[in-house]
Amino acid sequence: MLRMTKFILVVAMTAMVMLFASSAMAAMEKPVNAKQCYECHDVVKELHAGGKHKNVNCVNCHSGLKEHLADSSKRPMVDTSWEACGKCHKNQHDSFLKVNKHRPARDEKSQLTNRAPNPFWDKLMMGHGFTKEHALTRSHPFMLLDQIIVDRAAGGRFQPKNGWEYVNDKPGKIWDSIVDKEPSTGDQKVFMRQTATAVNPVCFQCKTQDHILDWPYLGDPTVGAPFSRKSKPVEMIQTKKIQHGLNCFTCHDPHSAKPRIVRDALIQALTRPEADTLWHKDPNRTNFKVYDMGMRGYTRKIAILEKYDTRLQCGQCHVEYNCNPGTDSKSGKPVTFDDPRTNHFPFKGALDLYEHYENQIKFYDFKHALTGGYLWKGQHPESESYYNSVHAKAGVGCDTCHTPKVKGKDGKMYTSHYAVTPKDNIKASCLTGKCYTGWNEKDAVYAIDSVKAYTKGKMRKAEFWLSSLIDKIVEGKKAGLDAAVIKQAQDQHLRAHILWEYWTAENSDGFHNPEMARESLTKSMDESQKGIKIINDALDAKAASAAAPAAAPAAK
């Protein structure tokens, strides 16, 4: 009887699976004749017909094509999920969704054991939203989720549905994990104590490209474009159009299967007339072709690379960029999201950023709460740091160490998309046989940790002198020093601050370019000391003037 029951259950389950499979097959759209699509989509024809994906039918990523072909005003849907690519690229897909647990979620950089420990961090960044929460990176699939729930983003309104259990959720759509505590409004406002509302539409350009078809080039406010730099970020989240962190098509063109970049501000930087980026100065630079994909009534651009170049592809996000309003450094007037400077890449190293922001684009991020001087806030300039490093000059790419080639269960080699510190995969990165052949795993980790420890030591010293300069400027203001003297010291503060803060934002603790890290951080100390001397000299002169005897009255 028990066997018969089991048999019936197996038959029933098999029938259900078959029914589900047949229903799914029935729901799938029939392939279309790509030549019909080419009639209107010239750029797609160029990319698709001559690429490795030429035999991949449009229905693989698009739905509603039958209706679209009958009526072009009915736009087809685009599958932006990881699974769209994972159907064919299983090893890459599965490795991408592997969760990196070598550090906890929401690991504050300002903890005593981390990159920018307090008490200096909060003092040096006082007045900026990053003092509310500045966490270390987590696995790529969580990029968007972690951004939306961080305390500095949306005032605490978006929270995990299951509390802290969310940290063990599998990567998926963000709305599977979060809940909106105040869905009745799309306004940016604080809902929890000690939070900030710093997230904005430009921030999303690195965290997701789910809305790639709805975002005009550089986010310029454009008639017909659903989103722009001026969109309310909460409302963008509430539309549920942005769901996935780091899409496959950010780096891989879905039509041609060629390497590409889609980040608009990087394309703008690489094509601006000043020709002043690290890429422009590289005699061996990877060339590209820019395509205008503006079939929706507004400009959208992509750039197809002649070959894979992770300094550019990873440099879409692992890069210093401006993504927020601020202040014009010359006029003192506000810079709002009407201004293209709110979506801008310098694509330059640490030593060139003062000149770039102060004099070239004339932009400040925020005002320091103690000194009253304007400062810069760095993002995550790993690409620029790495660009002219020893490893980069040797032909090593970001992928060599962070997403190396590994052998799959099927015995075939593939590029792992499990982006992680090389310390987690030393044999496939540092010890491949091409590099450091005389080392073992302990030797390699020891070398990495030694470089990082040295750099962190310089960061601590730079922070001491910056803190001393802040105190000295406050002292000078209280003493009533001339505004011109205070301005001089504030300018020294800005110079020193950029050279230090670059390395709190950069996620390698200097390992990507230890030589530039040392040069930058020691120069930061020098600039702070110059600022302190400016105030001290003025205080001494003021004290000497006050102590001098009054001049004798003139004889009659």
Side-chain angles (χ1 to χ4, degrees), residues 105-106 108-110 121-122 125-135 138 142-164 166-167 173-208 210-211 214-215 219-221 225-245 321-328 333-339 341-343 363-370 372 374-377 379:
R106 302 185 80 160
E108 277 269 11
K109 286 186 180 180
S110 59
W121 165 257
D122 278 9
M125 296 299 300
M126 193 175 293
H128 197 278
F130 271 66
T131 57
K132 302 302 182 185
E133 184 177 356
H134 189 28
R138 205 156 67 108
F142 296 122
M143 286 168 57
L144 181 62
L145 171 66
D146 288 353
Q147 180 201 31
I148 287 173
I149 65 174
V150 73
D151 283 345
R152 69 172 185 271
R157 69 180 300 152
F158 298 107
Q159 292 295 319
K161 289 179 180 178
N162 299 317
W164 279 96
Y166 91 94
V167 300
K173 295 181 177 180
I174 61 167
W175 280 97
D176 292 339
S177 296
I178 66 170
V179 61
D180 186 351
K181 295 290 187 178
E182 192 58 53
S184 62
T185 175
D187 292 339
Q188 283 278 84
K189 59 182 181 180
V190 170
F191 293 89
M192 296 173 63
R193 288 191 299 273
Q194 293 299 318
T195 63
T197 54
V199 73
N200 66 63
V202 182
C203 296
F204 295 137
Q205 304 319 302
C206 278
K207 306 302 181 183
T208 182
D210 276 352
H211 58 306
D214 295 332
W215 178 264
D220 289 336
F227 300 129
S228 75
R229 294 192 304 266
K230 297 180 71 174
S231 296
K232 287 185 176 181
V234 169
E235 290 182 351
M236 289 181 69
I237 298 168
Q238 288 174 329
T239 64
K240 299 189 178 180
K241 284 190 174 183
I242 51 176
Q243 292 269 23
H244 305 89
Y321 63 96
N322 187 55
C323 58
N324 50 262
T327 302
D328 188 284
K333 294 180 179 179
V335 175
T336 68
F337 278 116
D338 287 309
D339 194 308
R341 285 177 288 181
T342 56
N343 186 10
F363 181 87
Y364 296 134
D365 276 286
F366 73 107
K367 181 184 284 189
H368 193 268
L370 294 176
Y374 285 100
L375 294 176
W376 165 84
K377 174 67 191 80
Q379 299 307 319

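These values consider heavy atoms only, across backbone and side chains, with no hydrogens, waters or symmetry-generated copies. Nothing fancy with the numbering, it's 1 onward along the sequence. Predicted model only: the values in this text are computed from it and were never measured.
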dist Met125:CE -> Ser110:OG (nearest 0.5 Å) comes out at 11.5 Å
Show, in sequence, the C-alpha distance, side-chain angles and deciding distance for Asn343 and Phe337, and conclude whether the side-chain contact (heavy atoms from CB on, under 4.5 Å) test is met. CA-CA 8 Å; Asn343 186 10; Phe337 278 116; over 6 Å; no
Tell me which pairs pass side-chain hydrogen bond (donor to acceptor under 3.5 Å, both in side chains) where either residue lies in residues 189-204, with sequence neighbours left out. Lys132-Gln194
Any side-chain to backbone donor/acceptor pair from Thr131 onto Asp122? Under 3.5 Å, distance only. no
Between Thr342 and Pro325, which heavy-atom pair has the shortest distance, and what is it? CG2-CA, 3.8 Å
Atom CD in Gln147, atom CZ in Phe158: separation rounded to 0.5 Å? 11.0 Å
Using every non-hydrogen atom in the two residues, find where Cys206 and Met143 come nearest and quote the distance to one decimal. O-CE, 3.1 Å
4.5 Å side-chain heavy-atom contact, Val335 and Phe363: yes
Within this structure, what is the NZ-CG distance for the pair Lys230 and Asp220, rounded to the nearest 0.5 Å? 11.5 Å
Criterion side-chain contact (heavy atoms from CB on, under 4.5 Å) on Gln379 and Asn322, from CA distance to verdict: CA-CA 8 Å; Gln379 299 307 319; Asn322 187 55; over 6 Å; no
Evaluate the side-chain proximity of Lys232 to Val234: yes if any heavy-atom separation is below 4.5 Å, no if none is. no
Looking at Asp328 and Arg341, is any side-chain nitrogen of the basic one under 4.0 Å from a carboxylate oxygen of the acidic one? yes
So Tyr364 and Tyr374, would you call those rings parallel, tilted or perpendicular, with 30° and 60° as cut-offs? parallel
Are Asp210 and Lys241 within salt-bridge range, i.e. N to O under 4.0 Å? no
When the ring planes of Trp121 and His134 are compared, do they come out parallel, tilted or perpendicular, using 30° and 60° as the limits? parallel
Do Asp176 and Lys161 sit within salt-bridge range, that is, some charged N less than 4.0 Å from a carboxylate O? no
Polar side-chain atom of Arg157 near backbone of Glu182 as donor-acceptor pair, under 3.5 Å: yes
Quick check against the 3.5 Å criterion: does Gln238 have a side-chain atom that pairs as donor or acceptor with the backbone of Pro233? no
Has the side chain of Trp175 got a donor or acceptor atom that lies under 3.5 Å from a matching backbone atom of Ile237? yes
Enter the distance from Trp215:CH2 to Ser231:OG here, rounded to the nearest 0.5 Å. 6.5 Å
Checking Asp146 against Arg106 for the side-chain contact (heavy atoms from CB on, under 4.5 Å) test, could you report, in this order, the C-alpha distance in whole Å, the side-chain angles of both residues, the deciding distance, and whether it holds? CA-CA 8 Å; Asp146 288 353; Arg106 302 185 80 160; 5.8 Å; no
Criterion side-chain contact (heavy atoms from CB on, under 4.5 Å) on Asp365 and Leu375, from CA distance to verdict: CA-CA 6 Å; Asp365 276 286; Leu375 294 176; over 6 Å; no
Taking side-chain contact (heavy atoms from CB on, under 4.5 Å) as the test, write out the residues that go with Ala105, two or more places apart. Arg138, Tyr166, Val167
For a quick test of reading the model, state the closest non-hydrogen atom pair linking Ala153 to Ile148 and the distance between them. CB-O, 3.8 Å
Working to the nearest 0.5 Å, report the span between SG of Cys323 and CZ of Phe204. 11.0 Å
Could you state the interatomic distance from CD1 (Ile242) to CD (Gln205), rounded to the nearest 0.5 Å? 9.0 Å
Leu145 vs Ile178 side-chain heavy atoms within contact, under 4.5 Å: yes
Minimum side-chain heavy-atom gap Lys240-Ile174 below 4.5 Å: no
Heavy-atom closest pair (Pro221 atom, Arg229 atom, distance to 0.1 Å) is CD-NH2, 4.1 Å
Side-chain (Gln243) to main-chain (Lys173) donor-acceptor, under 3.5 angstrom: no
Is it true that the NZ or CZ of Lys377 lies under 6.0 Å from the centre of Phe130's six-membered ring and within 45 degrees of the ring axis? yes
Ring geometry between Phe366 and His368 (parallel below 30°, tilted from 30 to 60°, perpendicular above 60°): tilted
Any side-chain heavy-atom pair of Lys207 and His244 under 4.5 Å: no
